[in-house]
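The basis for the numbers below is simple: all heavy atoms, side chains too, and nothing from hydrogens, waters or symmetry mates. Convention: sequence-line order gives letters A, B, ...; per-chain numbering from 1. Note that the structure is a prediction, hence the values are computed from the model and not measured.
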Amino acid sequence: MPKFLTSINAISWYFLFPVIFIHFFVVAFPSILSLLLCLTDWNGFGRINYVGLENFQELFRDRVFKKAVKHNIIWTVMFLTIPVIVALIIAYLLTGIKRGQLFYRLVYFFPYILASIVNCLIWRYIFHPRHGLGGWFENQGIDFLAKSPFAMKETALYAVAWVDMWHFWGFLVIIYLTGMYQVDDSLYEAADIEGATKFQKFRYITLPMIRPIFVLSLIIIIIWSVPTFDYVYILTMGGPAYSSEVVANHLYSQAFQRMNVGYASTIGVMMFFYVGIIVGFFAILRRMGWEV
Amino acid sequence: MMNKILKIFLTFILTAFFATSTFAATKVVWWMESSADTDPTVQEMMCDAFNAEQDEVELECVFKEDINDTIRPALLSGSGPDMFDTPGASYIKIYQDAGLVKSMQEYADQYGWQDKLLGWAYNSGVFDGELYSIPKNYETMIYFYNKTLFEENGWSTPNTLEEVESLAAKIKAKGMNVYAYGSAGWQPTHEHLVGNYFNTYAGPENVYKALIGEKKWTDPEFVEAIELLRKHMVDEGYWSGDLETYYSLDWDDFNNEFATRGSAMLMIGTWGFNVTATNFGESSDDWDWNPLPILNSQAGSAPNYQLATGGTMSINASSKNADGAAKVIDWILSDKARALKVTGSLGYGAWLLPLKYTDADFDPNIDPRQKRFLTEFAEASDSGNYGYTTWTFYPNDPGVHIWKDMEVVWAGDITPLEFMEESQRLWDQARADDALVPVGKR
């Protein structure tokens, strides 16, 4: 048998082959197919007609798509700020707790291990106008949360994001905490000798030292925000009046409710390019010497 | 000796094998929409009963969640069951275009299905002159009311717009909501209301003309119907008090609200019979139902019943046992008393086959209110006094638009006219794409 077939490199490829094979047929091939479908008017069943760039022209006229893109941007900004800040603070405070830290870790991480449907039902019940907090306040004679924030177009997007953030931030706490534990204690000891405050230690030691893991968390948030779907679908289905519609939800509606599979593929391709741009941006930063 | 034993053994095995394959019943697999409440009854009273009555065809019923998502890849791959359910005729149209569903015309002619089914129900499955689907269930929109409450307050059931609005004011003055309803968990609930207003304000004749393209959806009667619905929903808060609460209540919530005097009426499909009877069974109040009031004189003088099919059954184009599947369908359609017994066991909310029932077919213990619906509906639809639901007669894209964008009208982001202009655009597109579903001639 030729030597190159039994080399370490070749053996690595043998082990990778099943995964690559599955990935090609389950992910890569459908993705390539989707690239082609976006140039058609396919309804998912019958004839496939080539329509050129018509779907793209339609996409830029589509008011719901524009709204959904705006909502995805708001969503991303919210996730890049609120859970990140809260998780950083809590993780840092947790590093100072010697006893009972595991309990807090469990409590904060618990929503993350719950299925999205469970999280959504909990919060739908809490905000229910009859049985939830609104009903309880009403019985006390207080007009607060009388209407579910999921049902008001002014608040629906933020309410859904709140539930998703409630589920997500515990995950950030755990990865930040892991990063913080990797910081050399001698740096803090030196800072203590110099009389640094807790905030100064956080600002000048912790934050710079966990930068790779912190930036990774931001990349994850940005990329995961693009296909966000489940919480929106379960809680509001993008309503009321598209006030919480996000791009993935619009894609689903076009593909499986309106049976415009070609058009839905166009939306998918736009999402793909958007993620590509983000990944490319961070790749450029890395090339420029950023610790990303 | 050993050879002899071996020969006898092999002869026995081969005989058993050929006997089994020669005389085995044809197996027909049917994928049905699953519902935890009804599956055991359907299995027992339809599938098991069919297998027990004959030995030519062995029927295997497989209950599937979200049947449309499940059946689609199966059909596209050229496999799948012999028979399958779909949510409605608009899906059949797509399958038929793609050659995934078998024409049942030869079976319909052979077994005389047209004579067994109500005319409109048979026509709803006819595409390009051939039968492709048969409704498993029919339904219409009505309203239930708390009879005891109405009697206590001396209220009369409304028949006109003026009477509806006058009654609504009296109900609200008592601190109750006019109608119980909500869309949490099922956003397409909105289309029930849109269909009600189209048929009782613009009228079935105008809806029919718009469906077949003789009229525009932007004509004043449709725009006014949407404006009236907007007024009743947003300004008056007829449904569960206000728009936001309507968006927040689910099936259990609003049914409970109706049964506990939170609301005086419940405008819903006839699938509500079962739950209404159950909920009121635990209350000292009594209930009854009426057809929807006519909100405008152009909608006619007599109440109309909107036609709707709740699910269809069809044969897979790639089925190798289509003849067996047709026998299953014929067995189902052939015995009206049995069909009524099955749907009666399910509270008449499922498997209400659109057959030509007569008085003799009914169980003497049937709830008279339920019987009144079945007979009045048959009479009204037979005499042409019927309307059209959006979920049976609309193609996909315009159908989704109705319930998705109605929220935009309620939010005040677009006007009723803009809503109907978009509707017309989508209908024009569907017509150009040959995506319309059949509408029988009035």
Side-chain angles (χ1 to χ4, degrees), chain A residues 41-49 51 58 61-64 67 117 120-121 124-125 127-132 134-135 138 145-156 159 233-245 249-250 252-263, chain B residues 66 68-69 72-73 75-76 90-91 93-101 182-188 190 240-250 252-254 256-257 260 262 395-401 403-414 422 426 429-430 433-435:
Chain A
D41 65 355
W42 195 42
N43 66 4
F45 296 94
R47 289 182 308 273
I48 302 180
N49 300 314
V51 294
E58 176 66 25
R61 286 194 299 265
D62 184 345
R63 64 185 169 85
V64 178
K67 216 172 200 180
I117 183 76
C120 290
L121 289 178
R124 186 186 274 177
Y125 196 84
F127 288 139
H128 196 284
R130 300 274 199 268
H131 322 300
E138 195 182 1
L145 285 175
K147 293 177 179 176
S148 167
F150 300 127
M152 292 190 286
K153 69 169 189 167
E154 297 80 10
T155 56
Y233 184 77
I234 297 167
L235 286 168
T236 62
M237 283 187 83
Y242 301 108
S243 62
S244 59
E245 186 88 332
N249 204 48
H250 189 45
Y252 174 84
S253 175
Q254 289 292 343
F256 299 107
Q257 291 170 341
R258 295 178 183 253
M259 300 296 178
N260 295 328
V261 176
Y263 186 63
Chain B
D66 298 324
N68 201 48
D69 292 345
R72 175 153 59 167
L75 294 180
L76 282 171
S90 58
Y91 292 90
K93 172 66 185 162
I94 296 171
Y95 296 146
Q96 187 242 352
D97 278 347
L100 300 172
V101 61
S183 67
W186 186 242
Q187 202 177 12
H190 312 331
S240 297
D242 55 64
L243 180 64
E244 289 79 11
T245 307
Y246 164 81
Y247 285 146
S248 304
L249 300 191
D250 64 17
D252 289 336
D253 293 327
F254 66 71
N256 185 51
E257 181 166 299
T260 55
N396 276 307
D397 217 356
V400 173
H401 160 73
W403 55 266
K404 272 267 185 190
D405 289 10
M406 195 58 227
E407 290 186 357
V408 189
V409 176
W410 287 335
D413 294 347
I414 57 172
E422 177 65 2
L426 293 171
Q429 184 66 50
D433 293 345
D434 189 27

Student: Can you tell me which portion of A:Glu245 sits under 4.5 Å from chain B's heavy atoms? Options are side chain, backbone, both or neither.
Tutor: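 The side chain, not the backbone.
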Student: Would you compute the distance between atom CE of A:Met259 and atom CG of B:Asp397 and round it to the nearest 0.5 angstrom?
Tutor: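 The CE atom of A:Met259 sits 10.5 Å away from the CG atom of B:Asp397.
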Student: Hey, which of B:Asp97, B:Val409, B:Ile94, B:Leu100 has the most heavy atom pairs under 4.5 Å with chain A?
Tutor: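 Answer, by heavy-atom pair count under 4.5 Å with chain A: B:Ile94.
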Student: Below 4.5 Å from any heavy atom of chain A, which atoms of B:Asp413 appear? Answer side chain, backbone, both or neither.
Tutor: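 For B:Asp413, side-chain heavy atoms alone lie under 4.5 Å from chain A.
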Student: Can A:Arg258 and A:Ser253 be said to form a side chain to side chain contact (heavy atoms under 4.5 Å, CB included), step by step?
Tutor: CA-CA 6 Å; A:Arg258 295 178 183 253; A:Ser253 175; 4.2 Å; yes
Student: Between B:Leu76 and chain A, with a heavy-atom cut-off of 4.5 Å, which part of the residue counts as in contact: side chain, backbone, both or neither?
Tutor: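 The side chain, not the backbone.
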Student: Supply the atom-to-atom distance A:His250 NE2 to A:Asp62 CG, rounded to the nearest 0.5 angstrom.
Tutor: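 Going from NE2 on A:His250 over to CG on A:Asp62, the span is 3.5 Å.
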Student: So what's closer than 4.5 Å to chain A heavy atoms on B:Trp403: side chain, backbone, both or neither?
Tutor: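 Side chain only.
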Student: Go through the structure and list residues passing side-chain hydrogen bond (donor to acceptor under 3.5 Å, both in side chains) with B:Asp405, not counting sequence neighbours.
Tutor: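 Checked B:Asp405 against side-chain hydrogen bond (donor to acceptor under 3.5 Å, both in side chains); matches are A:Arg63, A:Tyr242, B:His401.
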Student: Please flag which part of B:Glu257 lies under 4.5 Å from any non-hydrogen atom of chain A: side chain, backbone, both or neither.
Tutor: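 Only the side chain of B:Glu257 comes within 4.5 Å of chain A.
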Student: Atom CZ of residue position A:Arg61 - does it have more than 12 heavy atoms of other residues, nucleotides or ligands inside 6.0 Å?
Tutor: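 Yes - once you tally the heavy atoms of other residues, nucleotides and ligands closer than 6.0 Å, there are more than 12.
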Student: What part of B:Leu243 gets within 4.5 angstrom of chain A, counting heavy atoms only: side chain, backbone, both, or neither?
Tutor: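 When you check distances to chain A, no heavy atom of B:Leu243 falls under 4.5 Å.
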Student: So which part of A:Ser243 gets closer than 4.5 Å to some heavy atom of chain B, the side chain, the backbone, both or neither?
Tutor: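 Nothing of A:Ser243, per the 4.5 Å heavy-atom cut-off to chain B.
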Student: How would you list, by chain and number, every residue that makes a side-chain hydrogen bond (donor to acceptor under 3.5 Å, both in side chains) with B:Thr245, sequence neighbours excluded?
Tutor: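 Residues passing side-chain hydrogen bond (donor to acceptor under 3.5 Å, both in side chains) with B:Thr245: B:Asp242.
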Student: Let me know if A:Phe45 has heavy atoms under 4.5 Å from chain B in its side chain, its backbone, both or neither.
Tutor: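 Backbone plus side chain of A:Phe45, per the 4.5 Å heavy-atom cut-off to chain B.
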Student: Roughly how far apart are A:Lys153 NZ and B:Tyr247 OH, rounded to 0.5 Å?
Tutor: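 The NZ atom of A:Lys153 sits 9.5 Å away from the OH atom of B:Tyr247.
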Student: Which atoms of B:Tyr246 come close to chain A, meaning under 4.5 Å heavy atom to heavy atom: side chain ones, backbone ones, both, or neither?
Tutor: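 Contact with chain A involves no heavy atom of B:Tyr246 at all.
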Student: Name the region of A:Phe256, side chain, backbone, both or neither, that has any atom closer than 4.5 Å to a heavy atom of chain B.
Tutor: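 Answer is both: backbone and side chain atoms of A:Phe256 are under 4.5 Å from chain B.
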Student: Sub-3.5 Å donor-acceptor pair from the side chain of A:Asp41 to the main-chain atoms of A:Asn49, do we have one?
Tutor: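 Yes: the side chain of A:Asp41 pairs with the backbone of A:Asn49.
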Student: Between B:Asn396, B:Leu75, B:Asn68, B:Leu426, which shows the greatest number of heavy-atom pairs under 4.5 Å with chain A?
Tutor: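 Most heavy-atom pairs under 4.5 Å with chain A: B:Asn396.
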